[in-house]
There are 2 protein chains.
Amino acid sequence: MGVQVQSYHHGNLKQALLETALEHLKLHGPDKISLRALARDVGVSQTAPYRHFEDKTALLAALAAEGFRRLNHASALVTSPESSAARALQLSGKAYIHFALDNPELYRLMFGPMLSPDDDFPELEEAGNQAFDVIVSIVRRGIDSGEFVNKDSLLVANSTWAMVHGISSLMLDRRFDCVEGGISESVLDESLDIIMLGLLVR
Amino acid sequence: MGVQVQSYHHGNLKQALLETALEHLKLHGPDKISLRALARDVGVSQTAPYRHFEDKTALLAALAAEGFRRLNHASALVTSPESSAARALQLSGKAYIHFALDNPELYRLMFGPMLSPDDDFPELEEAGNQAFDVIVSIVRRGIDSGEFVNKDSLLVANSTWAMVHGISSLMLDRRFDCVEGGISESVLDESLDIIMLGLLVR
DNA sequence: ATATTATGTTAACAATGTTTACATAGCAAC
DNA sequence: GTTGCTATGTAAACATTGTTAACATAATAT
């Protein structure tokens with residue numbers, strides 16, 4: 001027996017903090033996250049988090065980085081190298097938007113004002129860049145294969161990301177018409193079609 | 001002479017609070033705004049704001065509404081009924097993005113997580129809708145004149161807004177490549193061209 | 001075994017949002 | 001004009017938060 005009732009050292013506090021923070025994010029917005037509340041939930045003193053995160057902001061940044069990694073994963077999963085670039089972009093975009101709608105508060109944290117682009121969080125920056133790279137590589141493939149217009153691939157990727165992020169963001173704010181309490185796949189498809197039309201060679 | 005040194009009643013506290021709040025927004029992010037600091041700056045007790053705003057959130061909502069009104073103004077100003085819808089949309093979009101870049105923290109407040117779409121602020125909602133209407137009316141004109149594809153005008157307007165908002169948001173987060181310390185007009189034009197290409201009848 | 005480092009705790013501080021009770025001004029009715 | 005009513009302001013207090021400083025304990029290396 002000898003169940004480990006209480007040990008002075010938690011053992012995996014950093015991870016535990018991030019996980020409960022993700023839980024809290026599902027309930028309230030990112031601005032409502034409190035270090036002390038996290039510590040309470042994990043069952044540790046209120047200053048313990050400071051052994052693992054310099055700041056509250058640092059914890060939020062780690063959270064956002066995890067968000068980008070998951071977004072990454074979600075949008076990269078659906079693409080297969082066999083399909084056309086256009087189809088890959090469409091599927092990837094839909095997966096992206098669905099991720100945002102499924103994790104609204106996490107997404108708001110990732111792009112919200114709690115994390116200023118001025119402060120320096122390499123982990124966050126890299127995860128964000130990788131999310132962008134998913135789009136870039138599909139766009140490059142489309143340009144190389146002649147499917148897409150022959151414009152600067154970074155510009156095209158940026159525009160594509162802007163479109164997908166814009167739809168996600170407006171939908172989260174209920175400023176993009178969608179079916180009450182859900183999302184209409186056809187609306188999504190048609191919106192994505194509009195940007196794709198600007199990309200395709202005619 | 002009898003200069004009015006101190007009067008128990010401020011006279012125009014609500015407006016004064018909003019104005020200094022806009023000042024504070026230029027310096028720090030929306031999450032850094034403090035009711036007490038505003039009261040201090042205006043020279044009034046820390047609880048006086050509660051006579052004019054139920055909440056801190058209510059003040060932020062009023063601020064965001066003012067932001068939408070200004071955005072509105074900025075993006076509607078540049079459109080003239082004589083020009084083509086395509087040109088109007090391009091100019092209006094550029095004005096929109098410039099507004100976002102000129103008022104980064106205000107824009108972040110307008111779309112940030114401090115204001116949940118769940119809570120009810122009629123003033124904010126109306127101002128936001130009017131911003132949308134600017135786009136809708138241009139899109140309608142383009143569809144009616146045969147310039148734009150004959151799709152549902154709300155869908156097209158939504159997509160257009162998504163594009164413009166996406167560009168703005170990514171640029172504010174420095175996730176959209178642009179000239180260091182400024183914005184490249186040509187990048188902006190080309191990005192907007194891409195969405196426009198999807199709209200134009202071919 | 002001992003020293004060092006990593007990790008956790010307690011106590012304290014200043015700042016904030018908010019509520020309650022009280023004070024004063026402006027104004028309308030009599 | 002006095003009397004009340006309402007709008008607007010103040011003061012005091014509370015709970016909560018982020019953060020720091022000083023101390024305690026565990027894990028680890030020497």
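Below, read A as the first sequence line, B as the second, and so on, with proteins coming before strands; counting in each chain starts at 1.
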Handout entry: Passing candidate, ring pair (Phe, Tyr, Trp, His ring centres under 6.0 Å) with A:Phe68, options A:Tyr96, A:Phe121, A:Tyr107, A:Phe111
Key = A:Phe111
Problem - Electrostatic pair A:Glu185-A:Lys94, nearest N-O below 4.0 angstrom - result: yes
Completion exercise
Output for pair (B:Glu19 CD, B:Lys14 NZ), nearest 0.5 Å, gives 13.0 Å
Completion exercise
Contact check, residues 44-51 of chain B vs DNA chain D, heavy-atom distance under 4.0 Å, returns B:Val44, B:Ser45, B:Gln46, B:Thr47, B:Ala48, B:Arg51
Problem - Spacing of CD belonging to B:Glu126 relative to CZ belonging to B:Arg69, to within rounding of 0.5 Å - result: 8.5 Å
Problem - Nucleotide C:dG17, atom P - distance to CG of B:Leu59 in whole Å - result: 10 Å
Problem - Lys/Arg N to Asp/Glu carboxylate O, B:Arg108 vs B:Asp173, below 4.0 Å - result: yes
Problem - Side-chain N,O (A:His52) to OP1/OP2 (C:dG8) below 4.0 Å - result: yes
Exercise for the section: Let me know the distance between CE of A:Met114 and P of D:dG18, rounded to the nearest Å. Expected result: 10 Å
Practice task
Please work out which residues in residues 29-41 of chain A have a non-hydrogen atom less than 4.0 Å from an atom of DNA chain D and list them by number.
Solution key: A:Ile33, A:Ser34, A:Leu35, A:Arg36, A:Arg40
Distance-only criterion, 3.5 Å: show the donor-acceptor pairs between side-chain atoms of residues 148-155 of chain A and protein atoms not counting sequence neighbours.
{"residue": "A:Asp152", "atom": "OD2", "partner": "A:Leu155", "partner atom": "N", "Å": "3.3"}
{"residue": "A:Ser153", "atom": "OG", "partner": "A:Arg140", "partner atom": "NE", "Å": "3.3"}

Handout entry: Nucleotide C:dT7, atom C1' - distance to NZ of A:Lys14 in whole Å
Key = 13 Å
Exercise for the section: Figure out the CD/C1' separation between A:Glu54 and C:dA6, and round it to whole Å. Expected result: 17 Å
Problem - Distance (rounded to the nearest 0.5 Å) between A:Arg40 CZ and A:Thr20 OG1 - result: 11.5 Å
Exercise for the section: Can you tell me the distance, in whole Å, between the CZ atom of A:Phe53 and the C1' atom of D:dG18? Expected result: 15 Å
Exercise for the section: On the 0 to 90° scale, with breaks at 30° and 60°, tag the B:Trp161-B:Phe132 ring pair as parallel, tilted or perpendicular. Expected result: parallel
